[in-house]
There are 2 protein chains.
Amino acid sequence: MTIADPAGAALASLTGARALVARTSTAERVADAVRNEVVEGRLRPGGRLPEQALSHALGVSRNTVREALSQLVAERVLVREPNRGVFVAVPDAEAVRDVYRARLLIEPAAVREGERADDPEAVGRLRAAVREGREAAARDDWPGVAGANQHFHRALVGLAGSARLDQQMGLLLAEMRLVFHRMTSVREFHEPYLDGNDAITRLVESGERERAAAEVASYLRTAEAQILAAFANL
Amino acid sequence: MTIADPAGAALASLTGARALVARTSTAERVADAVRNEVVEGRLRPGGRLPEQALSHALGVSRNTVREALSQLVAERVLVREPNRGVFVAVPDAEAVRDVYRARLLIEPAAVREGERADDPEAVGRLRAAVREGREAAARDDWPGVAGANQHFHRALVGLAGSARLDQQMGLLLAEMRLVFHRMTSVREFHEPYLDGNDAITRLVESGERERAAAEVASYLRTAEAQILAAFANL
DNA sequence: GCGTAAGAATTGCTCAACAATTCAGCAAGA
DNA sequence: TCTTGCTGAATTGTTGAGCAATTCTTACGC
């Protein structure tokens, strides 16, 4: 890379842009559309997704629909029952316990030992999620608060600095959204965490990672108990 | 469920066997076959997997192959390049670091806080993996030692008692097998861990979870450094 | 009311086709 | 020599039709 080749550096910096050039495949877009319908709650847990209906509704072939559905089954957003079809997953109490066992391991550890726990950018995402939640609450947008809450926990795991962990947490949180759809009173559930998240963020910002991790664990345990209680009388 | 209905209990206990009866779908079996070829090293990292060739070789339609390949792409075993095809993943140094960031968070935490860390069955799996490794070493079966090593780390995560975490670790370990295929000297790499795994298992068995977790973290860091060093001069 | 057997609908999978894209090779031009 | 442009072959992405197997529905007979 010499001065005689001034474009070299610029070209090298473009290699990463390949992903932007290649537009997403149809199957991927179908998967995104269906996933959205599910996590937004427009498709109820337990609801059925007939291939032909989707094919017609989205204007793509049944094979493409099939490919998209398989992907969502792998993500645990949908469940496939052989020869019967795919359904929106209906998480049960055991699923909740399982997810929280995983979260209780990952999230506090990410706060306590995360390599990026003092990286201003990563910590800034915590702060941003807190602000997002407060703003949503200010305009009585409780689904918005719920979304901000998810962003907060995503940011917590982001402190670990592992893309694979981030992705896994995305799946766990998508599953949690299904859980919330089985519950009433979204507001009562999410509102108390506004202050909690703020407190955790402050602890992280001031470097008190051990205490922050303990807070995270405590909040997770509280949330799990609350959800399981709501499931019990259902 | 009365005495007048003696088959009731037996029948009820079979409901879980449905997954066994409903034999796996063709796409799933294709995915298993290809995944095996990859993790066993018969398909080299970077190697290409043309759909038509697979379709012909396995005697299934191209659409079914496609479904299987998509699944494996989601598992990070394969990589899809739009309009070019799917290739066996070639993990780079950054992938190694990412995987170890995740493992360093999950595995020590599972040992330290896992709900099943004193469940004899879960701990027994650790002991079994250690024995498996020693037996493989005794007959100079170094791929066997590598496999036992993976079983050991799987068992470590099993202490957490979360199916979702178990699954995630399965993916991470599959990716690690791809990493090993880029390295020579399987023996030199895996042999030292026979004693280490034994030591960790003893610590878990005697309830010294904090020390066991520290050992796990230490061994993971050593392994990562070793792999990255091997990658450096490649 | 209850089991049951035809009939309809859906899934799992295959086959064939076609446009779009990539790629190797080659020829023309600077 | 190196780059550019073109052409043809191969592969992917997607579609559509079709069929056996399974499940669901419904109407029937007892």
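A note on names: the letters A, B, ... follow the listed sequences, proteins ahead of strands, and every chain is numbered from 1.
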- Note on the structure: Which of C/dC15, D/dT14, C/dT10 is nearest the side chain of B/S61? It is C/dC15
- Message: Which label fits A/F180 and A/H190: parallel for a plane angle under 30°, tilted from 30 to 60°, or perpendicular past 60°?
- Response: perpendicular
- Among the nucleotides D/dG13, D/dG16, C/dT11, whichever has the atom closest to the side chain of A/N63 is D/dG16
- Considering only C/dT11, C/dT14, D/dT12, which nucleotide approaches the side chain of B/R48 most closely? D/dT12
- Item | Separation of D/dG13 P from A/E67 CD (nearest whole Å) | 8 Å
- Query: Counting side-chain heavy atoms from C-beta on, which of D/dT14, C/dC13, C/dT10 comes nearest to B/R62?
  - Reply: D/dT14
- Which atoms form the tightest heavy-atom contact between B/V65 and B/E51, and what is the distance? CG1-O, 4.1 Å
- Short side-chain N/O contact to D/dT14 OP1/OP2 from A/T26, under 4.0 Å: yes
- Shortest non-hydrogen contact from A/G133 to A/V145? O-CG2, 3.8 Å
- Between A/A89 and A/P91, the two heavy atoms sitting closest are O-CD, 3.5 Å
- Message: Without decimals, in angstroms, what is the distance between A/Q52 CD and C/dG12 P?
- Response: 14 Å
- A/F87 CZ to D/dT23 C1', straight-line distance once rounded to whole Å: 10 Å
- Task: Could you tell me the separation between the CG atom of A/N83 and the C1' atom of C/dT11, rounded to a whole number of Å?
- Result: 6 Å
- Message: I need the CZ-P distance between B/R80 and C/dT22, as an integer number of Å.
- Response: 14 Å
- Task: Write down the distance between CD (A/E81) and P (C/dG12), rounded to a whole number of angstrom.
- Result: 11 Å
- Tell me which nucleotide among C/dT21, D/dT15, C/dT11 gets nearest to the side chain of A/P50. C/dT11
- Testing D/dT12, C/dT11, D/dT14 for proximity to the side chain of A/E51, the answer is C/dT11
- Message: Can you measure B/H56 atom NE2 to C/dT14 atom P for me and round it to whole angstrom units?
- Response: 14 Å
- Note on the structure: Nearest heavy-atom contact between B/G158 and B/D166 is CA-OD1, 3.6 Å
- Item | Length of the line joining B/L54:CG and D/dT11:P, which is rounded to integer Å | 12 Å
- Does C/dG12 have OP1 or OP2 sitting under 4.0 Å from an N or O in the side chain of B/T64? no
